[in-house]
Amino acid sequence: MIRTPLLLTLVSGAYIGGLVLAADVSTLSSSLKVISANVFPGLRDIAADVWRNPEIGLDENHAHDLVVDYFTKMRSGEWEVTPHAFGMSTAWKLEFEFRTPAIPPSEKLPAIGFMAEYDALVGIGHACGHNQILLNALAAASMAREALIKLEIPARVVVIGTPDEENGAGKCQLQKASAFEDADIWFMAHPTNANAVQPMNSRINAFSDFRATTHRGAVRKAYEALVAVRDLAAGGLPGTSSSVVPVEEVGMFECNVVQGEISLGINGSSVEAVRQTVSSILDSTYPEVSFTAEYDTDGGVNLTAIGPGGHASESTKGPLVLTIETFRALSSEDGISFYLPGNTTLGALGIIFDIRSRYTHDITSVLDAVQAAIGDKAEAIDTDTVYPALEVTPFIPAIFTDLMTSPDFGSQTDWPILTFAPASSDAGYTRTEVVARGLAHLAVQLLNDPVMMANATAIILAK
Ligand SMILES: *[C@@H]1O[C@H](CO)[C@@H](O)[C@H](O)[C@H]1NC(C)=O
Ligand SMILES: *[C@@H]1O[C@H](CO)[C@@H](O)[C@H](O)[C@H]1NC(C)=O
Ligand SMILES: *[C@@H]1O[C@H](CO)[C@@H](O)[C@H](O)[C@H]1NC(C)=O
Ligand SMILES: *[C@@H]1O[C@H](CO)[C@@H](O)[C@H](O)[C@H]1NC(C)=O
């Protein structure tokens, strides 16, 4: 699989700039190659260290210290470094301004920000490559800084280390602390398995609690709800590019991670019948999923589905879906009941529905539809903070994809502009270097051209 990063842009705040004579940026592409050879290797080492030492959201102390130490010691005087920024212990901020004597200190300079993530997934590590997001932000910002100095472009560059993307909506906390008011446009690149420029979907988790007087009653309610939500999604969710992915609260569990192994006990059937049913369901739409079915000590058949698992934003059918469809096929048969192998005394089962939609505006209608499908099967449904969608300025993606077609960026012609954002696999450092260099190029172009900047931030007026 070719692993390549994608690009996201977020716009926030408004730019009111003075008149600046634009610099000649015709040699920017070649300058950035030279600059990158100088700045990238040290930053790649930081990313490699973060990858070897995964830390989950809000616990990213090692990653925080690596960045803060590097920029205070190795890059002393280049950036204003704020550790533990915005009241979050693992957030940080880097700031740089290029000002000529002609510009009054009171004049606000055009600014561009880069967002860096560096949290890992529980039990998995940096599966979806947040260490590469960190690298992308640090590299793009460092390259942009050098180019601004070289071209004498008065401007400001900010990088924010944003903790806890996976679980606790760290950027929401940062936004409440006004962290993103400091720049006009924010860039971020997330690794995935295909190139694309796209917005990031809005997200909310629905924590659903299924209870009954018997264990098998609780399992049945939970799986009935899982079937209902699958049917709802198959019929079309409200909003644009909306999705709902269930995660069962068992075993190695985290709300953002679809398990690679799920067991469902089936009582009142035979191993042969269960194997036949599952085999009839399991087809090529379940990539890399397999199963075992054996009699167990609970008195039934332990069906265990095994597959790739991974990030809840992935849309492929995994092990949990295979058990849901098996439940659907068998649940109406007389005398069949279901249980969790090895856990048959539990009277409750939790399922988290990871809900996403293209626009923040639509997320509550998707949530409402999911809640309606679950209905009174759940004892209670709690939700967390709405994670807002990140928007792409209309004409920016075309500039970036054009840049990628030039020889300096590898003559790449495979950059579509999409509306759906699967965030899955790791990306190689080479790819991150190219995307970071492209973002640095775009940032310098924007910072150098007040008309283009005003155009890019015009989207904010709709706010
Ligand atoms: C048993 O249930 C508990 C509580 O929900 C859960 O933490 C654990 O992972 C479950 N184990 C199995 C094998 O289902
Ligand atoms: C399976 O069914 C048998 C017979 O009804 C029952 O004795 C046993 O407790 C059931 N086991 C589970 C785990 O439901
Ligand atoms: C169910 O089967 C799986 C796969 O063989 C096994 O790993 C798991 O331990 C079994 N569960 C119980 C409770 O025996
Ligand atoms: C401003 O945006 C429009 C489309 O939104 C585009 O056609 C135009 O070229 C842009 N102008 C500049 C200077 O970037």
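Here, residue 1 is the first one in the sequence, and each next residue gets the next number. One-based numbering, in listed order, for ligands and for the atoms of each.
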Considering all heavy atoms of both residues, which atom of Trp92 and which atom of His64 are nearest to each other, and what is their separation? CD1-CD2, 3.7 Å

Can you find a non-hydrogen atom of Asp296 under 4.0 Å from ligand 3? no

Any side-chain donor paired with an acceptor under 3.5 Å for Ser406 and Asp408? no

Proximal atoms of ligand 3 relative to Asn302 (non-hydrogen, under 4.0 Å): 1 (C), 2 (O), 3 (C), 8 (C), 10 (C), 11 (N), 12 (C), 14 (O)

Looking only at protein heavy atoms, identify the closest one to atom 13 (C) of ligand 2 and say how far it is in Å. Asp298 O, 3.4 Å

Shortest non-hydrogen separation from Pro416 to Asn195 and the atoms involved: CD-O, 3.1 Å

Heavy-atom proximity to atom 8 (C) of ligand 2, picking from Thr297, Leu340, Asn267, points to Asn267

Does the side chain of Ser263 come under 3.5 Å of the side chain of Thr304 through a donor N or O and an acceptor N or O? yes

Heavy atoms only: give me the nearest Ala218-Gly347 pair and the separation to one decimal. CB-O, 3.5 Å

Element-labelled atoms of ligand 2 that are located less than 4.0 Å from some non-hydrogen atom of Thr344: 13 (C)

Side chains of Asp296 and Tyr339: any donor to acceptor distance under 3.5 Å? yes

Ligand 3 atoms in contact with Gly342 (distance to a heavy atom under 4.0 Å): 13 (C)

Under 4.0 Å from atom 5 (O) of ligand 2, do we find at least one protein heavy atom? no

Numbering the atoms of ligand 3 from 1, which are under 4.0 Å from a heavy atom of Thr292? 4 (C), 5 (O)

Can a salt bridge be assigned to the pair Glu272 and Arg275 using a cut-off of 4.0 Å between side-chain N and carboxylate O? no

Non-hydrogen protein atom less than 4.0 angstrom from atom 11 (N) of ligand 2: yes

